[in-house]
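These numbers come from a predicted model, not from an experiment. First listed ligand is number 1; within each ligand, the first listed atom is number 1. Scope of the values below: all heavy atoms of this structure, side chains included, with no hydrogens, waters or symmetry mates.
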Amino acid sequence: MDKIEIEGGIPLVGEIPISGSKNSVLPIFTACLLTAGSCKISNVPDLVDIRTTCLLLEVFGASVDHDNSSTYTIDCSKLTSFEAPYNLVKTMRASCLTLGPLVARSGKAKVSLPGGCAIGERPIDQHLKGLKALGAEINLSHGYVEIEAKRGLTGGQVSFDLTTVTGTMNIMMAATLAKGETVIKNCALEPEVEALAKFLNKMGAKIEGAGTNIIHIQGVNSLFPAETSIIPDRIETGTYMVAAAITSGDLSLTGANVKHVNEISDCLIKCGCQLDVKVGRIRIIGQDEIRSTNIVTSPYPGFPTDMQAQMMTLMTLAQGTSVIKETIFENRFMHVAELRRMGANILISGNSATVHGVNHLSGAQVMATDLRASASLILAGLATRGVTTVSRVYHLDRGYENLVRKLRAVGAKIKRVSSP
Ligand code: EPU
C-alpha cells in the first residue's frame, strides 16, 4: 500500500490548476443512463471514483471511452443489466445514483444497499421515499434494493425530511422521464445539483428551479444525448486555499469558481488571509499568524462538511480557541485522533470540537480513514517541520487528482512511496 511522505515547513508559492469536480461527474455520468445514445463529458478528473463509476456503467452494458484524455464518451444505447453489484457499491456509495436513472429508463433497478461508512450511517431512505412518490415499488432483500415501475414512473410530490444532495439528484433524474409533473421540496442547493439539471435540460429534460429549494420537473417521453464540461471542484479549491493559509504561502488557483467557495473564503479572511479574486482565479496569501474562528458546517451555501477536517487542521495552529460544529454527518471527527498524535490540542464533545491552537505540530506517522480526513493530514504535514507519513492514501486517490504533482509544483517536499 502506498504512503505519502512530506517534509513540511515550506511556504507554497505558485499556481495550481483546479480539476473538474468529482461530485459533479458522478451524477452526470449516471445521467447518461437516461438516453439511448452517446454523451460527451469533458474536464473529467482522473480519480478512482470516476473509474469505479465507469466500471458500474459497463456492468449495465454501457460503453465508456476516453483515450486517456479528460473527455469521456459514454454510450448507453444498449443496456443489458440493471443490477449494481455489492463489490462496486461497497467501494463507492455514490453508486446509488444509478437508482433513479435506471428505473426511469427501464422500469427496474437492483442496487446493493450502501452500508454505513467511516463518516456516518448514511441511509438512503429519502431516495426511496422519493421514488415511491413517483409510483415505484420498492423491495429490500438480501442487502439489495429492488425497484420496479412496470408501467413507468408517474410525476408526484416529493418533500424531503432533510436536505440530501444525491437524494435530490436521484429524484430529479427519475422525474425527467416520469409522466406528468413532479415537484421536489426541500432540495439541496449545491452547485453540483444545478450542474446536473443543466446537463439534463441539454438532454431535453424540462427542469426548473435547480439551485433553489423547490424544483419543478415536467416529464418528457425520452431524452437525447448531450455534451457538457464539468464544473471546477470546490472542495479541491478549498483544500489548496487552506494549503496556502497553513504554510504562509501564496497560491493562485486557476480555473476555480469563486462563487462556489464563498463561505470558505470568508472563513479564511477571518483567519487573516488575503484574497485576490479574478474571474477563474483565486489568489490566496497566507500570513505568519493565523487567527482562530468558529465554524458550523451546513448544507450549501453554508460551510461545507467536506472542508471541516481541513479547516480544523488550520485551527490547530491558530492563535486562540475555535469551536467547530459538524451538523451533517454524525461521525466526521476521525481525523482528530491523528491530529492529536501530531501535537494538536482538540477536545470533542458530541458534534463539537474545541480546538486550542498550538505553536507547532510535529511530524508523525498518521493514517487516514476517509477522503477529507486524509487531506487534513496532508495539510498538517505541509505545515510541520519534520517528516510526516500519511498511510492509506487510496482514500486520496478517490478524490484529489494529481495531488502530489500539484503540491510539488508549488514547492512542497512531498512524495509517494510504495510500501509492501
Ligand atoms: N441522509 C439521510 N437519508 C437519506 C439521505 C441522506 O438520513 O436518504 C442524511 C445523511 O446520512 C447525512 C445527511 O442526510 O447525514 C446529508 O447527506 P447527503 O445525502 O446530502 O450526502 P450525500 O449525497 O450522500 C454528498 C457528497 C458528499 C458530501 C455530502 C454533503 C457526493 C457523491 N457525495 O453525499 O461528499 O459530504 O453530499 O455535502 O456528492 C466527499 O466528497 O468527501 C463526500 C463525502
Would you call [X] a ligand 1 contact, heavy-atom distance under 4.0 Å?
X	result
K22	yes
M92	no
P123	yes

Taking only Lys NZ, Arg NE, NH1 and NH2, and the carboxylate oxygens of Asp or Glu, determine whether D306 and R332 approach each other closer than 4.0 Å.
yes
Side-chain ion pair, K110 and E148, N-O less than 4.0 Å
no
Say whether [X], considering both its backbone and side-chain N or O atoms, lies within less than 3.5 Å of an N or O atom on ligand 1.
X	answer
R93	no
L371	no
T305	no

For atom 44 (C) of ligand 1, which of K129, R332, Q126, E192 has the closest heavy atom?
R332
Counting heavy atoms only, which of N331, I235, T166 comes nearest to atom 23 (O) of ligand 1?
T166
Only heavy atoms of [X], strictly under 4.0 Å: list the atoms of ligand 1 that pass.
X	result
F329	12 (C), 15 (O), 29 (C), 36 (O)
I124	4 (C), 8 (O)
H127	8 (O)
I328	12 (C), 13 (C), 15 (O), 16 (C)

[atom] - nearest protein heavy atom and its distance:
atom	answer
atom 25 (C) of ligand 1	V165 CB, 4.0 Å
atom 14 (O) of ligand 1	L162 CD1, 3.4 Å
atom 3 (N) of ligand 1	D125 OD1, 2.8 Å
atom 27 (C) of ligand 1	D306 OD2, 3.9 Å
atom 34 (O) of ligand 1	R122 NH2, 3.3 Å
atom 41 (O) of ligand 1	R372 NH2, 2.8 Å
atom 19 (O) of ligand 1	T164 OG1, 2.7 Å
atom 33 (N) of ligand 1	N23 ND2, 3.7 Å

Verdict with supporting geometry, Y144 and Y86, ring pair (Phe, Tyr, Trp, His ring centres under 6.0 Å):
CA-CA 8 Å; Y144 278 79; Y86 175 67; 7.7 Å; no
Do H395 and D370 pair up side chain to side chain, a donor and an acceptor below 3.5 Å, judged on atom types alone?
no
Judged by modelled atom types alone, do T305 and E326 share a side-chain donor-acceptor pair under 3.5 Å?
yes
Please verify the inter-ring angle class for Y300 with H260; under 30° counts as parallel, over 60° as perpendicular, anything in between as tilted.
perpendicular
Determine the sole option in R416, K22, R51 for which the salt bridge (Lys or Arg N to Asp or Glu O under 4.0 Å) test with D397 is passed.
R416
Among T166, T53, I28, find the residue that satisfies the side-chain contact (heavy atoms from CB on, under 4.5 Å) test when tested with L97.
T166
Looking at H335, K3, E338, which hits side-chain contact (heavy atoms from CB on, under 4.5 Å) with V366?
E338
Counting only heavy atoms not in E330, do more than 12 sit closer than 6.0 Å to its CD atom?
yes
State, with a plain yes or no, whether a side-chain heavy atom of R234 is found less than 4.5 Å away from one of P304.
yes
Can you find a heavy atom in the side chain of R291 that is under 4.5 Å from one in the side chain of K270?
no
